[in-house]
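Just so it is clear, the values below take in all heavy atoms, side chains as well, and ignore hydrogens, waters and symmetry mates. Along the sequence shown, residues carry numbers from 1.
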Amino acid sequence: MRTSGDRLLFARLALVPLCALALVAGVLLLVPSLVSASSRSCSPVSCGPVRHVVIIVKENRSFDNLFGRFPGADGTRYAWKGKRKVKMGETPDVLSEDLGHGGLSAIQAVDNGKMDGFYKIPGAIQKGKDVADSQFRERDIPNYWRLAARFGLADHLFSNVLAPSFPNHLALVAGQALNVVNNPKRVGNTEAWGCDAASTARVQWYFKGKGGVRSPCFNVQTLADEANAAGVPWRYYAETAGKFGYVWSTLDAIRHIRYSKQWKTNVVPEAHFLKDALHGRLPPLTWLTPTWSGSDHPPQSECAGENWSVQAVDAIMHSKAWKNTVIILTWDDFGGFYDHMAPPQHDLYRYGPRVPALVISPWSRPHFIDHSRYTFSSIVKFVESTYDLPHLSHYYRGIGSIGDMLDFHQKPQSPLFLKTRACPDKNPPGGGYRSP
């Protein structure tokens, strides 16, 4: 199995293949990228303004589902159902079931860039209503909108893979998805997708018209390895083994981290995050993934998910570390929800629909909507540049850095303290769906 990494092919831009990935004796061998990294800033660990980068990864929402109605953003209030254009209804806070968003469902929804097949995917129709072609209003997620209005919102960030969580989470730690195009097939009751999955667990891969299955336990260099090489402390907060949220503990899929001493010291329970943040104990690089109930993942309550996010951001804002922190809040994949903008593709599974990304920091350009094209690789690139990390992970670095949403010359923004909300009834009349 070979890969060229997650190169970005956008309109009017021709790219040259950069690297190859080979699967030899069960080990991925990577050829370094031919693209030189952009100029790096002075390491904030010693002399720069950024001392903490916190990457918060939520679940399963497209850009149009959360921010399609946001003023000034590249959104829409309409969806295409085949050749028919319809106004989107209001997404219920709680759904009856999940929506299909695996590789085949995603391909069906995107329909070769026509963006007109979302209503066909499994789970799209719930209680007689098309929830796939629906979206939230400001009243449904007011705190997400308040954060977006005060700080920065990226409205052209595409998930790296036209696929669900596992490959896109890989991209958030390695800059690329290692050719993975689906979640690992679960074997038994094991709540794990990586090296802790059953020995017979397999995950689908695809590259240049060829595909197959392999173990979901990899041995490639990641952003965590780059941080180790540069002496930059890091921590990954996630649910613990046995809980559903453990599947999002992505470093479990990296063999040399999972079976190292750092697995116990650096991969820590999500429950510890709030206290660590409030007391200024976050390291320079932090990943945070949610509990199942706080994930935004259907059929869970979106209000409960927003509350979880608000608590995490609020803990950082209440700490002394706020003045030196950049928070990146994003969602891992489209989750089956409509988005009107076709992903820039160069093969069957790259790239996925847009997902929201908020950059929350004293240096966020206020009230800023960034229309630049990004991927999850843009987040990895920002961390590398911020901490002057060695380029051990192999992915396409020609994509822009999400750090372009910051302005270090402006007057620093003050915190925005928000309150969690009382959530709606989980079983409202009519299922909570409101007609257009």
Check whether [X] reaches the backbone of [Y] with its side chain - one donor and one acceptor, N or O, closer than 3.5 Å.
{"X": "His52", "Y": "Leu285", "value": "no"}
{"X": "Lys381", "Y": "Ser401", "value": "no"}
{"X": "Gln126", "Y": "Ser96", "value": "yes"}
{"X": "Asn160", "Y": "Asn168", "value": "no"}
{"X": "Ser393", "Y": "Leu223", "value": "no"}
{"X": "Ser62", "Y": "Tyr338", "value": "yes"}
{"X": "Ser319", "Y": "His279", "value": "no"}
{"X": "Asp333", "Y": "Ser165", "value": "yes"}
{"X": "Thr91", "Y": "Gln135", "value": "yes"}
{"X": "Ser295", "Y": "Lys58", "value": "no"}

Practice task
Kindly indicate, with the supporting measurements, whether the criterion ring-ring contact (aromatic ring centres under 6.0 Å, His included) is fulfilled by Phe417 and His318.
Solution key: CA-CA 8 Å; Phe417 300 121; His318 271 98; 4.1 Å; yes
Answer whether the closest heavy-atom distance between the side chains of [X] and [Y] falls below 4.5 Å.
{"X": "Trp322", "Y": "Pro362", "value": "yes"}
{"X": "Ile360", "Y": "Met317", "value": "yes"}
{"X": "Arg69", "Y": "Arg77", "value": "yes"}
{"X": "Ile107", "Y": "Leu162", "value": "yes"}
{"X": "Glu302", "Y": "Asp140", "value": "no"}
{"X": "Arg421", "Y": "Val310", "value": "no"}
{"X": "Ser134", "Y": "Lys129", "value": "no"}
{"X": "Arg214", "Y": "Val203", "value": "yes"}

First locate atom [atom1] of [X], then atom [atom2] of [Y], and finally report the distance between them rounded to the nearest 0.5 Å.
{"X": "Asp98", "Y": "Gln300", "atom1": "CG", "atom2": "CD", "answer": "10.0 Å"}
{"X": "Leu66", "Y": "Glu138", "atom1": "CG", "atom2": "CD", "answer": "13.0 Å"}
{"X": "Asp332", "Y": "Asn60", "atom1": "CG", "atom2": "CG", "answer": "5.5 Å"}
{"X": "Gln413", "Y": "Phe151", "atom1": "CD", "atom2": "CZ", "answer": "5.0 Å"}
{"X": "Arg51", "Y": "Leu282", "atom1": "CZ", "atom2": "CG", "answer": "14.5 Å"}
{"X": "Leu288", "Y": "Ile328", "atom1": "CG", "atom2": "CD1", "answer": "13.0 Å"}

Which residue pairs pass the disulfide (SG to SG under 2.5 Å) test with at least one member in [range], sequence neighbours excluded?
{"range": "residues 61-179", "answer": "none"}
{"range": "residues 270-365", "answer": "Cys303-Cys423"}
{"range": "residues 326-380", "answer": "none"}
{"range": "residues 82-151", "answer": "none"}

Residues forming a side chain to side chain contact (heavy atoms under 4.5 Å, CB included) with [X], sequence neighbours excluded:
{"X": "Phe70", "answer": "Phe67, Ala73, Trp145, Ala148, Ala149, Leu153, Ile369"}
{"X": "Phe408", "answer": "Pro49, Val50, Trp363, Leu406"}
{"X": "Ala109", "answer": "Phe118, Ile121, Phe334"}

Handout entry: Within 6.0 Å of NZ in Lys81, more than 12 heavy atoms from elsewhere
Key =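 For Lys81, atom NZ is crowded (more than 12 foreign heavy atoms under 6.0 Å).
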Problem - CZ (Phe244) with more than 12 external heavy atoms under 6.0 Å - result: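 Counting other residues, nucleotides and ligands, CZ of Phe244 exceeds 12 neighbours.
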Do we see a donor-acceptor contact under 3.5 Å between the side chains of [X] and [Y]?
{"X": "Ser309", "Y": "Tyr144", "value": "yes"}
{"X": "Asp74", "Y": "His371", "value": "no"}
{"X": "Asp370", "Y": "Ser372", "value": "yes"}

Identify, with sequence neighbours excluded, every residue that meets side-chain hydrogen bond (donor to acceptor under 3.5 Å, both in side chains) alongside [X].
{"X": "Trp248", "result": "Glu59"}
{"X": "Arg146", "result": "none"}
{"X": "His256", "result": "Asn219, Asp225"}
{"X": "Tyr236", "result": "Thr250"}

Exercise for the section: Decide yes or no on side-chain hydrogen bond (donor to acceptor under 3.5 Å, both in side chains) for Tyr396 and Ser377, but give the supporting numbers first. Expected result: CA-CA 8 Å; Tyr396 174 64; Ser377 306; over 6 Å; no
Handout entry: Salt bridge present between Arg354 and Asp64 (N-O < 4.0 angstrom)
Key =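 Salt bridge flag = yes for Asp64 with Arg354.
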Handout entry: Salt bridge Asp276-Arg235, side-chain N to carboxylate O under 4.0 Å
Key =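 So Asp276 pairs with Arg235 through a salt bridge.
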Please report, to 0.1 Å, the donor-acceptor pairs under 3.5 Å made by any side chain of residues 263-270, with sequence neighbours excluded.
unit_1: Asn266; atom_1: ND2; unit_2: Trp234; atom_2: O; d: 3.0
unit_1: Glu270; atom_1: OE2; unit_2: Trp308; atom_2: NE1; d: 2.9

Practice task
List the steps and the verdict of side-chain hydrogen bond (donor to acceptor under 3.5 Å, both in side chains) for Asp347 and Tyr206.
Solution key: CA-CA 10 Å; Asp347 66 21; Tyr206 175 90; over 6 Å; no
